[in-house]
Amino acid sequence: MKNAAPNSFYSHQYFRRTADISATANQYAAKLQLCFQRGPPVYALAPAVHAHMIASGFIPRGHILNRLIDFYCKSSNFNYAKRLFDEIPQPDVVARTTLIAAYSASGKPKMAREIFDKTPLRIRDTVCYNSMITCYSHNNDGHAAIRLFNEMRQKGFRPDNFTYTSVLGALALVADHERHCQQLHCAVVKSGAASITSVVNALISLYVKCALSPFSSSSSLMASARELFDEMLEKDELSWTTIITGYVKNEDLDAAREVFDGMDEKLVVAWNAMISGYVQKGMVFAVFEMFRKMHSLGIKHDDFTYTNVLSACADAELFLHGKQVHAYILRTEAKPARDFMISVNNALITLYWKCGKIDQARSIFDSICTKDLISWNAILSAYVSAGRIHEARSIFDQMSEKNMLSWTVMISGLAQHGLGEEALKFFNKMKSSGLEPCDYAFSGAITSCAVLAALEQGRQLHAQLIRLGFDSSLSAGNALITMYSRCGVLDAARNVFLTMPCLDSVSWNAMIAAFGQHGHGAEALEHFEYMLEEQILPDRITFLTVLSACSHAGLVEEGQNYFNSMEKVYGITPGEDHYARLIDLLCRAGKLMEAKNVTQTMPFQPGAPIWEALLAGCRLHGDMDLGVYAAEQLFEMIPQHDGTYILLANMFASAGRWGEVAMVRKFMRDRGVKKEPGCSWLEVENKVHVFLVDDTVHPEVQAVYSYLKELVLKLRKLGYVPDTKYVLHDMESEQKEHALSTHSEKLAVVYGLLKLPRGATIRIFKNLRICGDCHNAIKFMSKAEAREIIVRDGKRFHHFKDGECSCGNYW
DNA sequence: CTAGGGTTAG
């Protein structure tokens with residue numbers, strides 16, 4: 001808050017003391033002038049001054065009325081200002097310019113233009129043109145601003161300092177090349193404006209903006225900017241901060257710091273610029289150092305300083321530091337000032353939720369008197385990030401104004417919590433509400449397609465993305481890698497990965513996970529090594545994907561080595577999820593005792609994921625005793641989870657111990673645990689077809705059953721023998737074979753064979769893990785029908801071709 | 001009445 005007024009200004013005392021029923025026009029003018037000098041908060045006093053005028057029967061006209069209108073505009077009482085304006089029979093150019101500026105500030109260039117066009121040419125002046133040019137520039141329409149500048153000169157108006165400064169700002173919006181800078185630089189010199197400080201400042205900021213463009217060399221343009229700065233005859237506050245922020249934006253903090261250190265009187269703005277540079281680079285301790293130095297030098301922190309420091313704490317999840325800063329603010333700032341610090345409160349909401357304190361974030365939110373859109377979006381993100389979707393929805397519904405971010409937060413939040421259909425509904429609603437989705441919104445929608453395995457829809461989104469020019473977006477690219485991979489098109493995922501202009505750890509993690517899920521362990525590990533070569537540091541997720549990849553491909557030793565290197569080489573302490581994957585890795589290789597040892601030597605008590613991995617390993621290798629032990633632990637921890645019962649029953653069934661199988665099933669019944677029914681689906685002609693186990697719902701299911709019957713006879717001739725140990729019920733063997741033939745994945749594959757054109761790959765998705773007999777049968781189908789069949793089950797992908805599966809029967 | 005610098009939401 002610039003020039004914050006003393007507190008007494010918030011009461012009407014100031015006016016009451018000087019109030020005089022016979023105040024003259026000159027006295028009112030003086031009073032308003034005084035308010036104007038005291039800074040922005042005092043604009044809010046317009047109603048008080050106006051009330052006094054009304055009470056004393058004074059009718060404001062001319063200059064005084066204009067100033068009153070200006071004050072109403074600036075204290076966001078715009079509607080009232082407009083009413084006063086409309087009552088003037090023939091408003092002069094000053095009144096009109098005031099309104100143009102107000103429309104400009106509230107992002108309504110069309111309304112501003114309307115006032116401007118209705119202003120007769122004979123009363124127009126340079127200031128009026130300046131306002132309109134600035135309005136275009138503020139609303140990102142550089143070309144319109146430049147057109148108006150040319151028009152103004154054509155009509156004989158002389159540009160002044162303000163004009164040049166504004167127009168340079170507008171030119172910066174459209175210029176992105178070194179050549180532009182040089183041309184404009186020449187034009188400024190020719191116009192004779194090159195000695196005006198504000199014009200040179202604008203020129204410097206033009207060089208800075210062009211330096212940020214990917215088409216030009218940052219260092220040479222910044223060198224030119226610096227030359228302009230060094231040669232300036234009269235530098236003002238803005239000259240210093242423009243060059244400092246220029247360096248900060250171009251990520252040259254050392255150069256910024258050098259200029260900063262050379263300032264005699266360092267302004268708050270300059271401090272804030274430096275701090276924001278350190279925040280963006282994640283240099284938290286440099287941020288704190290600057291914050292403390294300001295304090296010890298007696299330079300007052302303002303709301304920009306606070307928001308910067310708080311966001312540094314939020315990014316680094318330094319909860320205690322953030323809390324201390326919060327306490328410091330409450331101690332230091334006078335109470336009335338707090339209402340003006342909405343940005344600080346918004347930053348506090350973010351601090352608290354990023355540190356996992358959702359309810360504290362909520363109480364900050366509730367304490368804000370006049371919440372803005374950022375407050376609402378911040379609390380929305382808080383609930384979404386915590387998976388509290390219900391509360392998030394209720395916040396979303398309460399919002400009177402929503403912008404792109406509000407929608408995007410909802411879309412990506414729903415997608416990340418597996419609510420793909422809902423997310424896509426929001427994406428479509430957003431479009432129909434007239435908002436153009438940004439690349440983040442797209443990445444949420446694409447993630448939903450990954451969740452739903454909706455390949456066609458995902459492809460369409462990809463096409464739209466390219467049309468809108470978002471194809472170089474990092475977040476959209478990362479989402480596409482995952483989407484194509486999870487829809488079974490590994491090649492497309494790799495193509496996206498290869499054509500992305502830059503990659504971050506998320507991109508690498510997504511690609512490594514894709515190779516891993518498709519059983520390409522070697523490529524996954526190869527990409528991990530490439531990632532290191534590219535100097536991208538692996539994170540917790542990287543190791544989860546690497547360990548999974550090793551597990552899926554049976555690379556036990558490699559996996560163990562990577563696990564051991566986590567802490568030693570990369571300083572990442574393995575969490576429970578990492579241990580669960582290590583155990584999974586060991587179990588699959590039959591090293592059950594080693595896996596059990598890990599559970600005993602781990603630095604924490606084993607939880608459900610650990611026992612689940614162990615139980616799955618015991619089922620695979622028939623270790624009944626250890627399996628039962630693991631299951632008992634799981635019954636204690638998550639008694640309602642159906643997976644435990646199924647794994648245990650499967651384990652007994654494959655050993656032919658039907659008594660125990662029946663017992664497990666009785667347990668399930670007694671405890672009211674329901675098995676999630678098997679369900680498979682595939683896309684045919686852009687429509688999703690779902691098959692349940694023993695399906696009777698799909699309209700064409702009879703044709704599927706009869707073709708399946710035919711097919712099984714054919715497969716038997718090739719050597720297929722139904723493996724009835726995968727049927728959990730104890731029944732006659734013929735019945736068992738029938739039960740096998742109703743599995744949803746078989747139905748879906750057969751539907752694909754019937755409906756998809758010859759040679760087209762069949763892509764099936766299943767909610768649970770694929771059953772052993774189906775796995776075997778589909779191998780035979782791929783040979784008999786000469787088809788590539790890809791099945792994504794609950795854990796991974798199986799590529800069937802020529803009677804073989806990419807998983808090597810190892811899943 | 002008009003210009004140019006620093007902040008917060010994924």
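Fair warning: this is a prediction, and the values are worked out from it, not measured in the lab. Residue numbers begin at 1 in each chain, while the letters A, B, ... track the order of the sequences.
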R83(A) versus Y72(A), side-chain donor and acceptor atoms under 3.5 Å
no
Decide yes or no, distance alone: a donor-acceptor N/O pair under 3.5 angstrom between the base of dA9(B) and the side-chain of N403(A).
yes
Establish, from distance only, whether the side-chain atoms of E333(A) and Y306(A) form a donor-acceptor pair under 3.5 Å.
yes
Between dA3(B) atom P and M152(A) atom CE, what is the distance in whole Å?
14 Å
May I have the distance from L173(A) (atom CG) to dG4(B) (atom C1'), rounded to whole angstrom?
13 Å
Picking from dT7(B), dG10(B), dG4(B), the nucleotide nearest the side-chain atoms of C438(A) would be dG10(B)
Counting only side-chain heavy atoms from C-beta out, which of dG4(B), dC1(B), dT7(B) sits nearest to N201(A)?
dG4(B)
Stacking of F304(A) on dT7(B) base (centres under 5.5 Å, planes under 30°)
no
Look at the side chain of S198(A) against the base of dG4(B) and say whether a donor-acceptor pair falls under 3.5 Å; ignore hydrogens and angles.
no
Is N308(A) side chain donor-acceptor paired with the dG6(B) base, going by distance under 3.5 Å alone?
no
Shortest side-chain distance from K354(A), nucleotide among dT8(B), dG10(B), dT2(B):
dG10(B)
Residues I123(A) and P91(A): closest non-hydrogen pair is CD1-O, 4.3 Å
